Amino acid sequence: TLFRSVASRARLRVAELSERPFDVRSIALTGLFILAVFYTIYFMRSILLPIVLALLLSYLLRPILRGLAKLKIPSPVGAALILIGLLALVGYGMSTLATPAVAWLQKAPTGLAELQHKLLPVKKSVAQVTQATGEIEKLASANAEIKTVEVKRHSITEMLFMRTPEFIASAILSLILLYFLLVYDQTFIAKLVKLLPTLSDKKTAVGIAHDIESQVSRYLFTIT
């Protein structure tokens, strides 16, 4: 009976919505609002990306923090130890990959020359096609004025010089946010528990929150 009542109410609601006039202005305003939201996210990516990264890393590292809490280690100290370990792991990985990267860069000229020699037949075919295309374009635009557009490209060194300060600032912001998210991970749950009336509801809310965190953490750990 309850299901039938809910279904009848849903059908009546759908019928009311279908009878309303089609408002083009409302749809246009909604579209403009969505575009404004996407533009805002695009221009604030340097701030939003560190926040999202810190949030995901906090879900990934919370089980470790709770394991340290079981060993009677305070949350601020445990979060600091986790961040130090994370930085040490990243530094060790970079130092380990540095030697193979340098060796690859030293071998790169020889490898590229060999690759160019093997791709020489393909290059000749592409050159023939390009020449034929150029002749067709000359015939098609014999009486047209052709303007040459030069595209300015940034070198790799210049791009690295421009992007490195932004990357360092984003990394520092992510680490700071990650520390506070790890230290105060129980604040949200504690406030949620205070709002619930009965003890069973509080236990259910805590269990659901822990299950969500464990599932997300397991997924992120597997992906990592």
Side-chain angles (χ1 to χ4, degrees), residues 2-3 6-7 10 13 30-98 100-101 160 163-224:
L2 180 61
F3 177 76
V6 173
R13 183 62 177 169
T30 305
L32 290 175
F33 175 74
I34 294 173
L35 289 176
V37 169
F38 277 108
Y39 274 111
T40 304
I41 293 174
Y42 174 77
F43 287 112
M44 293 184 64
R45 64 188 184 275
S46 59
I47 298 176
L48 294 178
L49 287 177
I51 294 175
V52 174
L53 180 61
L55 185 62
L56 293 177
L57 287 176
S58 68
Y59 278 113
L60 179 64
L61 300 174
R62 277 178 187 175
I64 302 176
L65 182 66
R66 289 177 182 169
L68 294 175
K70 292 180 180 179
L71 299 176
K72 306 299 182 181
I73 298 177
S75 296
V77 179
L81 292 176
I82 290 174
L83 289 182
I84 292 173
L86 182 63
L87 292 175
L89 182 63
V90 172
Y92 175 76
M94 293 177 65
S95 63
T96 305
L97 293 175
L160 289 176
R163 293 294 181 180
T164 300
E166 182 180 354
F167 175 76
I168 294 175
S170 299
I172 294 174
L173 180 59
S174 297
L175 290 175
I176 294 173
L177 290 174
L178 178 59
Y179 177 78
F180 285 105
L181 286 174
L182 290 175
V183 172
Y184 299 103
D185 65 330
Q186 298 297 326
T187 304
F188 174 75
I189 299 177
K191 291 184 178 181
L192 180 63
V193 167
K194 290 181 180 180
L195 295 176
L196 297 176
T198 61
L199 181 61
S200 60
D201 292 338
K202 295 180 180 181
K203 291 182 179 179
T204 303
V206 173
I208 291 173
H210 287 173
D211 288 340
I212 292 173
E213 289 180 1
S214 63
Q215 295 293 334
V216 173
S217 177
R218 189 179 304 171
Y219 170 77
L220 292 176
F221 181 77
T222 305
I223 294 300
T224 304

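In what follows, every heavy atom counts, from backbone to side chain, and hydrogens, waters and symmetry copies are set aside. From a predicted model like this one, the values you see are computed outputs, not experimental measurements.
I47 places a side-chain heavy atom less than 4.5 Å from the side chain of I51.
I168 pairs by the side-chain contact (heavy atoms from CB on, under 4.5 Å) definition with T164, I172, not counting sequence neighbours. T198 is linked by a side-chain hydrogen bond (donor to acceptor under 3.5 Å, both in side chains) to S200, D201, counting only residues two or more places apart in sequence or in another chain.
Note that the CD1 atom of I64 and the CG atom of L182 stand 9.5 Å from one another [nearest 0.5 Å]. In this structure, CG in L199 is found 9.0 Å from OG1 in T204, a value given to the nearest 0.5 Å. Taking CD1 of I82 as the start and CG of L89 as the end, the distance is 13.0 Å to the nearest 0.5 Å. Here the CZ atom belonging to F38 is positioned 11.0 Å from the CZ atom belonging to F33, to the nearest 0.5 angstrom. Separating the OG atom in S174 from the CG atom in L83 is a distance of 11.0 Å, to the nearest 0.5 Å. Remark: Y39 OH to L32 CG distance equals 11.0 Å, nearest 0.5 Å.
Between A80 and Y179 the shortest heavy-atom distance is N-CE1, 3.7 Å. Taking each heavy atom of A54 and L178 in turn, the nearest pair found is O-CD1, 3.6 Å. Annotation for S58 and L181: closest pair CB-CB, 3.9 Å, computed over non-hydrogen atoms.
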Given the rule in the side-chain contact (heavy atoms from CB on, under 4.5 Å) test, do L177 and L173 qualify, once you have shown the distances and angles that lead to the verdict? CA-CA 6 Å; L177 290 174; L173 180 59; 4.1 Å; yes
